[in-house]
Amino acid sequence: MQHDFDVLSAARNWRFDGVVPPTPSDVISEVFASDVLTLEELRQRLSKPVWRSLSATIERGAAIDSTIADTVALAMKTWAMEKGAGHYTHWFQPLTGLTAEKHESFVMPTSDGSAISQFSGKELIQGEPDASSFPSGGLRATFEARGYTAWDPTSPAFIMRHGNGATLCIPTAFASWNGEALDHKTPLLRSMEVIGSAAKRGLKLFANEAASVYPTVGAEQEYFLIDEEFYFRRPDLVMSGRTLIGTKPPRGQELEDHYFGSIPDRILTFMTEAEHQLYALGIPVKTRHNEVAPGQYEIAPMFEQANVAADHQQLVMQILKNTARRYGLVCLMHEKPFAGVNGSGKHVNWALATSDGDNLLEPGETPHENMQFLFFCAAVIRAVHVHQDLLRTCVASASNDHRLGANEAPPAVMSIFLGEELTEVYERIMSGKGGSTKRSGLLGLGTQVLPSLPRHTGDRNRTSPFAFTGNKFEFRAVGSSQSVSLPITVLNTIVAESINAMSDAIEARMKKKQTFEASLLEVLKDTYKQHQNIVFNGDGYAEDWQTEAEKRGLLNLKGSVDAINVFNSKKNISLFSKAGVLNERELESRQEVMFDQYFKTVNIEGETTEWIVQTQILPGALRYLRELTSMQNVECNAIQKIASRLSEGIDAASDALELLRIQNMDLGGNTVHSKSVHMYNNVLPAMMAVRRAADSLERICAMEHWPLPSYREMLFVK
């Protein structure tokens, strides 16, 4: 075992090796999207008829014309090879929550022994990866290998670079031989069409003839960075992404000195290079800062069309992980890699935009007079209340369970934060008073030196899982490691259903000769009255809220097993099937995959905990006990006391380990549901008992005998 001080020295003496930071002459405007086949770049390489046909698909959702595929493929190949690419891949998002790719060379041998570069329209439009080796939840049997990737022309192709070249990545959907979605992209694209159609219908009631409406998303990404020396000496981090053993150090985040603090030079240099790569991929990252916990950071982009934002979010995670390694760091995306300090989320900021550039969730300076905004905002309120189960389910995972409701993140109870002014507007509509008595105005800071600041229509609520933040809704419960595609798909689908329900109600009243204005007011009044229980502007961390939420009839699905269990309820099957986003078979397959991932994740953690304690923790503690007992003849009461405490701690850890071993051997049945229940009810508690015993030993054992890097080292050695 390498000595503790040698590990610290390795981290402290790390030097940049082979890293080429962006040169000062690089201007962001010149770099931005330089590795993206942008619409303008593509337009210049295509004839006018071909471009008109392709742009109709990209901009208006028209069906793809297969006759132009060869021309587009040639332009794409030529551009990629000019960028240094020798291979291409259909880049897709299987149900693992990650991305997948199979690289194919442009090189094609000829009959005369030479070779040419070739990329056909058929190869562009359709690929055929093995579908049997990806999670399918029963949609594909092991012997049924055929699956198809289908080009998504609405998301631009891009170049991914590596040390010895580059690859053309073509965003695609992934489907089975039967046409069922095996990925997260296909339902996302379906849901975008559904929300676009519903929103256009709603706008027509306001005599707004927008050509198209689409959801926009900006997904913030929180993550931890630790020195790779520590990472590779922690089997739990390598195997599970989180520390399964580890006691809290005397100092964590109590001093509140890390949040928005000065970014360490090594970290800032890493961030700068990562941002440079992201700019080249056309990803509009805007913000970087220290997060609350020591060693924790955040990167946030500007808003983009939802499917492009989902693609870009996957690239953000990939670039952060790959770039960190070049700086001797490891980027941890797990929702709770360290106990006792804040975990990481991925706040999904969601809004609706028209082709004219209008944000339908922009309240303006007088929200009570902006009836179009109030209509769409009310639709979101209704959607969150009616489908609170789906919002909880779409963020359910074994890793996110450690974060939700842990007095640092939104609770497992879904609620919506509106802020005082907007809440008052709806309450006055409900009471028939109308109007608003409050104005945001300017915020004075008490000195003439400082300017008066415009006050937003509502404060921010960090404890709310779903908060209105001025001109968008922030879904804060999404986990840091998960794909944003499923949460966005759920949001699109449930809000579309609410828009249609409210539109139906308005049109029904208008058929009875009511004016549109009167019909709208009645529907807004009824909608808020029926669904106001979901609105909560208080402290979501407070214990009183759990009691209050129960009185309001809100769901409290604390664990992912319970949340996943309601995914394919009759209500949800009807919702997704009617919308054409997911059929019953596709919905059930996703539930199966979620249970499977939950079971396997906890099973890996349980076995890793057993392995670490048996082979590292107990041997280290026993070595120290042997050292102490060898000094029994020394007249020192402290030796006797330490040896006694250590002996008791070793026995406690050994006893807890035996109980965990028994639970690990019993997988809980033959179905992924029963196995998941066993993991939740039996394995997780047994793991926690082992951890408590091991963490107690860490507080006693001499450092030279403790086999794992401590929290003190991992979180504070930069």
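All heavy atoms count here, side chains included; hydrogens, waters and symmetry mates do not.
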Trainee: Give a yes or no on whether the backbone of Q532 and the side-chain of Y426 come within a donor-acceptor separation of less than 3.5 Å.
Mentor: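 Side chain of Y426 to backbone of Q532, a donor-acceptor pair under 3.5 Å: no, none is there.
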Trainee: Below 30° counts as parallel, above 60° as perpendicular, anything between as tilted: where do the rings of H531 and H385 land?
Mentor: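 Perpendicular.
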Trainee: Just by modelled atom types, is the N342 backbone N or O under 3.5 Å from a matching donor or acceptor in the R403 side chain?
Mentor: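 Judged by distance alone, no pair lies under 3.5 Å.
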Trainee: Does A210 offer a backbone N or O that forms a donor-acceptor pair with the side chain of K200 under 3.5 Å?
Mentor: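 Judged by distance alone, no pair lies under 3.5 Å.
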Trainee: Please report the shortest heavy-atom distance between A33 and T38, naming the atom on each side.
Mentor: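 Looking at all heavy atoms of both residues, the closest pair is CB-CG2, 4.0 Å.
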Trainee: Decide yes or no for L37 and P156: does some side-chain heavy atom of the first lie under 4.5 Å from some side-chain heavy atom of the second?
Mentor: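 No - every pair of side-chain heavy atoms lies 4.5 Å or more apart.
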Trainee: Atom CZ of F206 and atom CG of L360: how far apart are they, to the nearest 0.5 Å?
Mentor: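 Here the interatomic distance stands at 10.0 Å.
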Trainee: Any sub-3.5 Å donor-acceptor pair from S498's side-chain atoms to V495's backbone N or O?
Mentor: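 No.
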Trainee: Donor-acceptor pair, N471 side chain versus N359 backbone, under 3.5 Å?
Mentor: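 No, the answer is negative, given that no donor and acceptor are paired below the 3.5 Å cut-off.
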Trainee: Is it true that atom CD of E543 has more than 12 heavy atoms of other residues, nucleotides or ligands lying nearer than 6.0 Å?
Mentor: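 It does not: E543 CD has 12 such atoms or fewer within range.
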Trainee: Using side-chain hydrogen bond (donor to acceptor under 3.5 Å, both in side chains) as the criterion, point out the one residue from Q482, E220, Q313 that pairs with K346.
Mentor: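 Going through Q482, E220, Q313 one by one, the side-chain hydrogen bond (donor to acceptor under 3.5 Å, both in side chains) with K346 is satisfied by Q313 alone.
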Trainee: Just do the side-chain contact (heavy atoms from CB on, under 4.5 Å) check on Y297 and L268 with the steps written out, would you?
Mentor: CA-CA 10 Å; Y297 308 93; L268 189 56; over 6 Å; no
Trainee: Under 3.5 Å, side chain of D311 to main-chain N/O of W91, donor-acceptor pair present?
Mentor: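 Absent.
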Trainee: If I compare all heavy atoms of I195 with all of A496, which pair ends up nearest, and what's the gap?
Mentor: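 So the two residues come closest at CD1-N, 3.5 Å.
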Trainee: Is any side-chain heavy atom of P465 closer than 4.5 Å to one of L391?
Mentor: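 L391 does not reach P465 side chain to side chain.
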Trainee: Using 0.5 Å steps for rounding, measure from the CG atom of L278 to the CE atom of M271.
Mentor: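 Those atoms lie 12.0 Å apart.
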Trainee: Please tell me whether N307 and Q305 have a donor and an acceptor in their side chains that are separated by less than 3.5 angstrom.
Mentor: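 Yes, a side-chain donor-acceptor pair sits under 3.5 Å.
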Trainee: Looking at every heavy atom in both G202 and F375, which two are closest together, and how far apart are they?
Mentor: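 G202 and F375 have their closest heavy atoms at CA-CE2, 4.1 Å.
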Trainee: Taking ring pair (Phe, Tyr, Trp, His ring centres under 6.0 Å) as the criterion, tell me which of W350, F417, F466 meets it with F473.
Mentor: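 With F473 as partner, W350, F417, F466 yield a single ring pair (Phe, Tyr, Trp, His ring centres under 6.0 Å), made by F466.
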Trainee: Measuring from I299:CD1 to M317:CE, what's the distance to the nearest 0.5 Å?
Mentor: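 Atom-to-atom, I299:CD1 and M317:CE are 12.5 Å apart.
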Trainee: Could you state the interatomic distance from CD (E424) to CD (E420), rounded to the nearest 0.5 Å?
Mentor: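 Output value for this atom pair is 9.0 Å.
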Trainee: Are any non-hydrogen side-chain atoms of E522 and K525 less than 4.5 angstrom apart?
Mentor: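 Not in contact.
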Trainee: Let me see the working for L281 and H312 under side-chain contact (heavy atoms from CB on, under 4.5 Å), right down to the final yes or no.
Mentor: CA-CA 8 Å; L281 291 169; H312 283 175; 5.8 Å; no
Trainee: With a 4.5 Å heavy-atom cut-off, do D152 and F92 have their side chains touching?
Mentor: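 No, every pair of side-chain atoms sits at 4.5 Å or beyond.
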Trainee: Could you tell me the separation between the OG atom of S503 and the CE atom of M510, rounded to the nearest 0.5 Å?
Mentor: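 It is 10.5 Å, given to the nearest 0.5 Å.
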Trainee: How far apart are the closest heavy atoms of D183 and A173, and which atoms are they?
Mentor: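 Shortest heavy-atom separation between D183 and A173 comes out as OD2-CA, 3.3 Å.
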Trainee: Quick one: are S483 and Q93 in side-chain contact, heavy atoms under 4.5 Å?
Mentor: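 Sidechains of Q93 and S483: in contact.
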Trainee: Answer yes or no: is there a donor N or O on one side and an acceptor on the other, between the side chain of N572 and the main chain of L390, under 3.5 Å?
Mentor: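 Checked: no pair found.
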Trainee: Taking all non-hydrogen atoms of both residues, which atom of R509 and which atom of V523 are closest, and how far apart?
Mentor: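 Shortest heavy-atom separation between R509 and V523 comes out as NH1-CG2, 3.7 Å.
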Trainee: Might you work through the side-chain contact (heavy atoms from CB on, under 4.5 Å) test for L521 and M371, ending with a clear yes or no?
Mentor: CA-CA 9 Å; L521 278 174; M371 301 307 290; 3.8 Å; yes
Trainee: Give the C-alpha distance, both sets of side-chain angles, the deciding distance and a yes or no for salt bridge (charged side-chain N to carboxylate O under 4.0 Å, His left out) between R552 and E548.
Mentor: CA-CA 6 Å; R552 294 187 183 194; E548 172 65 21; 3.0 Å; yes
Trainee: Can you list everything that forms a salt bridge (charged side-chain N to carboxylate O under 4.0 Å, His left out) with E507? Sequence neighbours excluded, please.
Mentor: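 E507: salt bridge (charged side-chain N to carboxylate O under 4.0 Å, His left out) contacts with R201.
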Trainee: Check A378 against T527 and note the closest heavy-atom contact, atom names and distance.
Mentor: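 Nearest heavy atoms, A378 then T527: O-CG2, 3.9 Å.
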Trainee: Using side-chain contact (heavy atoms from CB on, under 4.5 Å), reason through F475 and M414 one step at a time and then give a plain yes or no.
Mentor: CA-CA 10 Å; F475 190 15; M414 289 295 137; 4.3 Å; yes
Trainee: Closer than 3.5 angstrom, by distance alone: can the side chain of S464 be matched with the main-chain N or O of I416 as a donor-acceptor pair?
Mentor: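 Absent.
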Trainee: With a 4.5 Å heavy-atom cut-off, do T515 and L520 have their side chains touching?
Mentor: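 Heavy-atom side-chain distance check fails, nothing below 4.5 Å.
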Trainee: Between F468 and F373, what is the ring plane arrangement, given parallel below 30°, perpendicular above 60°, and tilted in between?
Mentor: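 Answer is tilted, since the angle falls between 30° and 60°.
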Trainee: To the nearest 0.5 Å, what is the distance between OG on S399 and CE on M333?
Mentor: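 If we round to the nearest 0.5 Å, S399:OG and M333:CE are 12.5 Å apart.
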Trainee: Taking S574 for the side chain and K571 for the main chain, is one N or O donor matched with an acceptor at less than 3.5 Å?
Mentor: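 No, S574 side chain to K571 backbone: no donor-acceptor pair under 3.5 Å.
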Trainee: S155 side chain to V308 main-chain N or O, any donor-acceptor pair under 3.5 Å?
Mentor: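 Such a contact is absent between S155 side chain and V308 backbone.
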Trainee: Are any of the side-chain nitrogens in E497 or R382 under 4.0 Å away from the carboxylate oxygens of its partner?
Mentor: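 Looking at R382 together with E497, the answer is yes, because their closest N to O distance falls below 4.0 Å.
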Trainee: Tell me yes or no: between the side chains of N556 and E550, is some donor less than 3.5 Å from an acceptor?
Mentor: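 Their side chains do not contain a donor-acceptor pair, so the 3.5 Å distance test is not met.
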Trainee: Can you tell if the side chain of T393 reaches within under 4.5 Å of the side chain of L486, non-hydrogen atoms only?
Mentor: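 The answer is no; the side chains never approach within 4.5 Å.
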Trainee: Taking NZ, NE, NH1 and NH2 as the nitrogens, is one of them in E193 or R190 under 4.0 Å from a carboxylate oxygen of the other?
Mentor: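 Salt bridge: no.
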Trainee: I want to check something: taking the side chain as every heavy atom from C-beta on, are V490 and H387 in contact at a cut-off of under 4.5 Å?
Mentor: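 Not touching, per the 4.5 Å side-chain cut-off.
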Trainee: Once the angle between the rings of F567 and F576 is folded into 0 to 90°, is it parallel (under 30°), tilted (30 to 60°) or perpendicular (over 60°)?
Mentor: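 Plane angle over 60°, so perpendicular.
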Trainee: Do you know which of E222, E335, K336, Q296 makes side-chain hydrogen bond (donor to acceptor under 3.5 Å, both in side chains) with S344?
Mentor: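 Among E222, E335, K336, Q296, the one meeting side-chain hydrogen bond (donor to acceptor under 3.5 Å, both in side chains) with S344 is Q296.
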